[in-house]
K.L.:
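Quick one: this structure, given as structure tokens, is what I'll be asking you about.
The sequence lines fix the lettering, A, B, ..., with proteins before strands; numbering per chain opens at 1.
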Amino acid sequence: MRAAVQRRTSVAHTAMPYTPREIEPKWQARWMSERAFATDHDPNKPKFYVLDMFPYPSGAGLHVGHCEGYTATDVLARYKRAKGFRVLHPMGWDAFGLPAEDFAIKFGVHPHDRTQETIANFKRQINALGFSYDWEHEVDTTDPNYYRWTQWIFLQLFKKGLAFQDEIAVNWCPALGTVLANEEVKNGRSERGDHPVERVMLRQWMLRITAYADRLLDDLEGLDWPTSTMTMQREWIGRSEGAEITFATEIAGEAITVFTTRPDTLFGATYMVLAPEHPLVGKLTTDAQRAAVEQYVSVAKNKSDRERQEALGAKKKTGVFTGSFAINPVNGAKVPVWIADYVLWGYGTGAIMAVPAHDQRDYDFAQAFSLPIVQVIAPKGGGAMPEKSAYEVSGDDAVLVNSGAFTALTSGEAKKRIVAELAAKSVAKPTVNYKLRDWVFSRQRYWGEPIPIYFPVEMQDPSGDPRKGDAHTIRYDQPIAVSEDELPLRLPPTTDFKPSGDPLGPLAKLKDWRFFQKDGRWYARETNTMPQWAGSCWYYLRFTDAQNAERIFSPDREQGWMNVDLYVGGAEHAVLHLLYARFWHKVLYDLGVVTTKEPFAKLRHQGMVLGEVEYTGWKVDGEWISAKNVGDELDPIEERPGIWASVKNSKSIAQAQKLSESQVKKAGEGFALVDELTTMVDARAHKMSKSRGNVINPDDVVAEHGADALRAYEMFMGDFEQAKPWDTRAIRGITRFVNNVWSVVFEPKEAEGDQHLKLRHKTIKAVGDRIETFKFNTAIAALMEYVSALQAKGSVKADREALVQLVAPFAPHLAEECWEQLGHAGLLCKAPWPTFEEALTIDDVLVIPVQVSGKMRGTVEVPRDATEELVKERALAMDTVQNALIGKTLVKVIWVPGKMLNLVVK
RNA sequence: GCCCGCGUAGCCCAACGGUAGAGGCAGGGGAUUUAAAAUCCUCAGAGUGCGGGUUCGAGUCCCGCCGCGGGCACCA
């Protein structure tokens, strides 16, 4: 009998189990068939444009890091829809770029085909997570209907003189077969692939982003962006105010102009330095010095950025004297002119006045070559000067010394006066400089947007054919825009994508495409393509009207949706993508194509999702050593058994040994071997990487726990913007939570009366507030509390409905299934957000902490509107308070209404 | 070297300047089970990296350090 009852109970449980594997596809299919997330363009509703940084669809598929950002935007999108907003929540593909092309070279699959495969896989993964994207607004940067407009924008840049060609020293990466933007080079190596980069002179397309430097800087003001990102953009633009000052030389008619931010230190300029590339180098070099100078210049020019970097690390400065002198315009002093590669040709005028007393770099150089150091600035009101370094203080805290008529002025005042005096003699002018350089916009690869430009071809023999290799000259100096009605200029089909080492790129090999005849004349197309950044510079605009076949987008749509209300993506794009997109946006604004000055009103970066916490012990020759004796990790080598590192203060190599939790024990601040408590081990989470083997694949998590659990877990892990480790065990907590929500709805326990009324209203308020403030982890914590209460004490229907609605943004499939169970025929994602009454979120009885001189002595329970008198009276009635008052005099009472009481005694 | 962020129970993380604990993981005990898993109940656990300061009161604000992570790096 008993067994029979048991069985029946267990049957009742299994009759309606929570099976994400079934309900998730069910609701995904329903959402799709009902076009549940089709964008509502109703202008009478408030708008909310919530955007993810669209991904490059890599072959590796979606990453749990993507999921975090996409879940956050999806939570907001679903929440805002429920709050009555019309929401634009699109997704697309930043699909041009090197990996597909490299894959093509390796496996012979056309980049287009490969890209479509990887897009399909990404889309499958995204849909499996139940994100509410409107695929009717999808864009693909490699689609000719999209890049047609990327090319159109390029032509507008060209017509405005913002796209131009230049012969410049570029970062040529032989391994990648292309040039790279300055931004794509780190420590003299390519950011992508970590290959060496060389400096070579090449004809390049450039975009004049520097013309927008001030606006890119000024318009940051007022954006709701992370301060760190704003700071990085400001520093990247690097606006710096100073003056250009001209020094006469010994050669008539040849003067050296320098840029300085410290004209107040002019009396301390004891030598000058020209960059090795400076055009005056040859003229100023004396015969006696010529051999040495030529030697130095040729070495410097061939130095890779990597080598320059290493020289910087060593703090060793190199240089050579030209043999000639310049005249300091402020005091007529003769100063020697040197050449050194610590002066950059690309910044300012490529020449400096060196003030070793007040600039550390000049100081180091002067020390190395025994050049004079003259102090001209001192701390205001006396004070210590550094003994072995430059004194770099300026402004009102520093005054001039040894500076003729300007002595005793503050540094700030002297800057103005000296420039004014020299300006009157036309040897100085106030100048602003930027670190920002113009943007190198051409790439020598196949898989990118063709640049819609062609050039006249001059044939040596007028009847010759350049396609056959007949002698000809391409007039690169006469670029012609492809007519707008001929766009898109399609990428020609080919099977040969291999970079040839030829800076013209693979397209140059397609002679039938490259050369064409018009009105009896030959022309040659530009064979470089655009960089991957191009497509992402304006995709957020196309999203508003992705299927428009006639124009880039309709003005109605642009005005109806821009600017982006919330933009979410990785901090790695803090400078590059965000700066480039802002630049294009401003150009489009000037053209009247868009109506907002800035594209992204609010920006948030998701924190990195790290791998699981790992315990790592270190061994040298089979013996354990403490982790603190281990130096830097060595460069990763594929397929090695452990990770290797140098050992501090020795030539030994340590090998990493992965340890299980049972092999380690907490010891003081860190962890040690359980058998050897003095040997410390590393306990930390590492970045997910293939080589470390700690990558979590979302597909696996969905298969095991379901999409809702993955979504909710990603939101629960910790602060959205902070890095946090993955914890496979901790997902269980979320799985339990999801199950609990399920059982509250499917195995309801009726409560006697609406006993959760206040908790319900508090929870509705809390979840809404926390979604809006990006505190998703605490929103879920509030829901966990609520669900626990409903499980423990039973619920009424209003509880169950509120719970399901509040859970919906995080676990939408579960919520839809529950909503249906609660008797609703329509979709939950179409239902309005629950409301709360403020009065019901406030407690009637308060527990007031009582302190005596700041120390906790207990609490008193009082009505919500209790006065100070009442609380004080009850507090004084407590023994713990009385004991603390013995022998003391009450001098002050701090009463924070509704919060706490503090009795201050002496 | 400079800039930014972060250091709170074994772990992940909460906490308008006002009772250090919301939530989760792991752990102990118990219930259920032939057993295990799952589930439920329950218990315990830190004084907030270190040193100063401001305050009636500091995890929170200020100063100086240490550690971790990220970014920048000869920009005159």
K.L.:
Would you mind telling me which of B:U19, B:A38, B:A76 lies closest to the side-chain atoms of A:Arg732?
P.N.:
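Taking heavy atoms from C-beta onward, the closest nucleotide is B:A38.
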
K.L.:
Say we look at B:U32 and B:A37: how far apart would their P atoms be, to the nearest angstrom?
P.N.:
16 Å

K.L.:
From the list B:A22, B:C4, B:A76, which nucleotide is the closest neighbour of the side chain of A:Asp359?
P.N.:
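Minimum distance to the A:Asp359 side chain belongs to B:A76.
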
K.L.:
State whether A:Tyr342 and A:Lys317 meet the cation-pi test: NZ (Lys) or CZ (Arg) under 6.0 Å from the six-membered ring centroid, and within 45° of the perpendicular axis.
P.N.:
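Yes, a cation-pi geometry.
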
K.L.:
Under 3.5 Å for both donor-acceptor distances, Watson-Crick or wobble: does B:U32 have a partner, and if so which one?
P.N.:
none

K.L.:
For A:Lys687, report the nucleic acid contact type (base, sugar-phosphate, nothing); a contact means any heavy atom under 4.0 Å.
P.N.:
sugar-phosphate

K.L.:
So which nucleotide does B:A76 pair with, by the Watson-Crick or G-U wobble rule with both distances under 3.5 Å?
P.N.:
none

K.L.:
Show your reasoning for whether side chain to side chain contact (heavy atoms under 4.5 Å, CB included) applies to A:Val330 and A:Phe267.
P.N.:
CA-CA 7 Å; A:Val330 79; A:Phe267 283 83; 3.5 Å; yes

K.L.:
For B:C50 versus B:A9, give the span between their P atoms, rounded off to a whole number of Å.
P.N.:
10 Å

K.L.:
I'd like the P distance from B:C43 over to B:A22, given in whole Å.
P.N.:
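Roughly 13 Å separates the two P atoms.
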
K.L.:
Under a 90° cut-off about 0 for the syn range, is B:G47 syn or anti?
P.N.:
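B:G47: syn glycosidic orientation.
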
K.L.:
Identify whether any heavy atom of A:Asn740 sits under 4.0 Å from a base atom; if not, whether one sits that close to sugar-phosphate; answer base, sugar-phosphate or nothing.
P.N.:
sugar-phosphate

K.L.:
In chain order, what residues pass the side chain to side chain donor-acceptor pair (under 3.5 Å) check against A:Lys872, with sequence neighbours excluded?
P.N.:
none

K.L.:
Would you check if there is a donor-acceptor pair between the side chains of A:Asn433 and A:Ser240 at a distance under 3.5 Å?
P.N.:
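No, no side-chain donor-acceptor contact under 3.5 Å.
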
K.L.:
Under 4.5 Å between any side-chain heavy atoms of A:Ile771 and A:Val767, yes or no?
P.N.:
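Yes. Closest side-chain heavy atoms under 4.5 Å.
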
K.L.:
When you compare B:A58 with B:U48, how far apart are their C1' atoms, in angstrom units rounded to a whole number?
P.N.:
11 Å

K.L.:
Within the 4.0 Å limit for protein heavy atoms, which parts of nucleotides 51-67 of chain B are touched? Write it as a string from 5' to 3', B for base, S for sugar-phosphate only, - for none.
P.N.:
-----BS----------

K.L.:
Can a salt bridge be assigned to the pair A:Glu785 and A:Lys762 using a cut-off of 4.0 Å between side-chain N and carboxylate O?
P.N.:
no

K.L.:
Whether the side chain of A:Asp362 engages the backbone of A:Val355 through a donor-acceptor N/O pair (distance < 3.5 Å, no angle test) should be reported.
P.N.:
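Side chain of A:Asp362 to backbone of A:Val355: a pair is present.
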
K.L.:
Hey, can you pull the residues of residues 759-771 of chain A with a non-hydrogen atom under 4.0 angstrom from RNA chain B?
P.N.:
none

K.L.:
Which of residues 260-269 of chain A sit near RNA chain B, with a heavy atom under 4.0 Å from it?
P.N.:
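A:Thr260, A:Thr261 - these, ordered by number, are the residues of the stretch whose heavy atoms sit under 4.0 Å from the strand.
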
K.L.:
Between B:G45 and B:C2, how many Å separate the two C1' atoms, rounded to a whole number?
P.N.:
42 Å

K.L.:
Hey, do the aromatic rings of A:Phe716 and A:Phe737 have their centres closer than 6.0 Å?
P.N.:
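Ring centroids of A:Phe716 and A:Phe737 are no less than 6.0 Å from each other.
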
K.L.:
Mind checking who B:C6 pairs with, Watson-Crick or G-U wobble, both distances under 3.5 Å?
P.N.:
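Partner of B:C6: B:G67.
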
K.L.:
With a non-hydrogen cut-off below 4.0 angstrom, is A:Ala730 in contact with a base, only sugar-phosphate, or nothing?
P.N.:
sugar-phosphate

K.L.:
Just the table, please: protein N/O against nucleotides 9-13 of chain B N/O, every pair under 3.5 Å.
P.N.:
residue, atom, partner, partner atom, Å
B:C11, OP1, A:Lys666, NZ, 3.1
B:C12, O2', A:Met717, O, 3.0

K.L.:
Rounding to the closest angstrom, what is the interatomic distance between B:G52 and B:C66 at atom C1'?
P.N.:
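Here B:G52 and B:C66 have their C1' atoms 15 Å from each other.
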
K.L.:
For B:A22, which nucleotide in any strand shown is its Watson-Crick or wobble partner with both distances under 3.5 Å?
P.N.:
none

K.L.:
Which value, in whole Å, describes the distance between the C1' atoms of nucleotides B:G47 and B:U60?
P.N.:
14 Å

K.L.:
Checking contacts here: which listed nucleotide (B:C25, B:C16, B:A22) is nearest the side-chain heavy atoms of A:Glu785?
P.N.:
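Selected nucleotide (nearest to the side chain): B:A22.
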
K.L.:
Which of these nucleotides, B:C4, B:A15, B:A76, is closest to any side-chain atom of A:Ser228?
P.N.:
B:C4

K.L.:
Among B:U19, B:A76, B:C72, which nucleotide has an atom closest to any side-chain atom of A:Trp236?
P.N.:
B:C72

K.L.:
Answer yes if the side chains of A:Thr728 and A:Glu612 hold a donor-acceptor pair under 3.5 Å, and no otherwise.
P.N.:
yes

K.L.:
Assess whether side chain to side chain contact (heavy atoms under 4.5 Å, CB included) is satisfied between A:Phe247 and A:Asn328, documenting all intermediate values.
P.N.:
CA-CA 6 Å; A:Phe247 286 59; A:Asn328 188 333; 4.1 Å; yes

K.L.:
For the side chain of A:Arg684, counting heavy atoms from C-beta on, which of B:U39, B:C3, B:C68 is nearest?
P.N.:
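For A:Arg684, the side-chain atoms sit closest to B:C68.
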
K.L.:
For B:C61 and B:U19, measure between their P atoms and round to the nearest Å.
P.N.:
16 Å

K.L.:
For A:Lys665, look at atom NZ and say whether over 12 heavy atoms of other residues, nucleotides or ligands are found less than 6.0 Å away.
P.N.:
no

K.L.:
Applying a 4.0 Å non-hydrogen cut-off, can you work out what A:Val273 is touching in the nucleic acid: base, sugar-phosphate, or nothing?
P.N.:
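Answer is nothing: A:Val273 stays at 4.0 Å or more from every strand.
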
K.L.:
Which base sits across from B:C16 as a Watson-Crick or G-U pair, both distances under 3.5 Å?
P.N.:
none

K.L.:
So, does A:Asn694 use its side chain to make a donor-acceptor pair with the main chain of A:Ser689 at under 3.5 Å?
P.N.:
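Answer holds: yes.
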
K.L.:
For A:Tyr296 and A:Thr318, does a side-chain donor sit closer than 3.5 Å to a side-chain acceptor?
P.N.:
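Present: a donor and an acceptor within the cut-off.
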
K.L.:
What nitrogen or oxygen pairs link the protein and nucleotides 41-43 of chain B at under 3.5 Å?
P.N.:
none

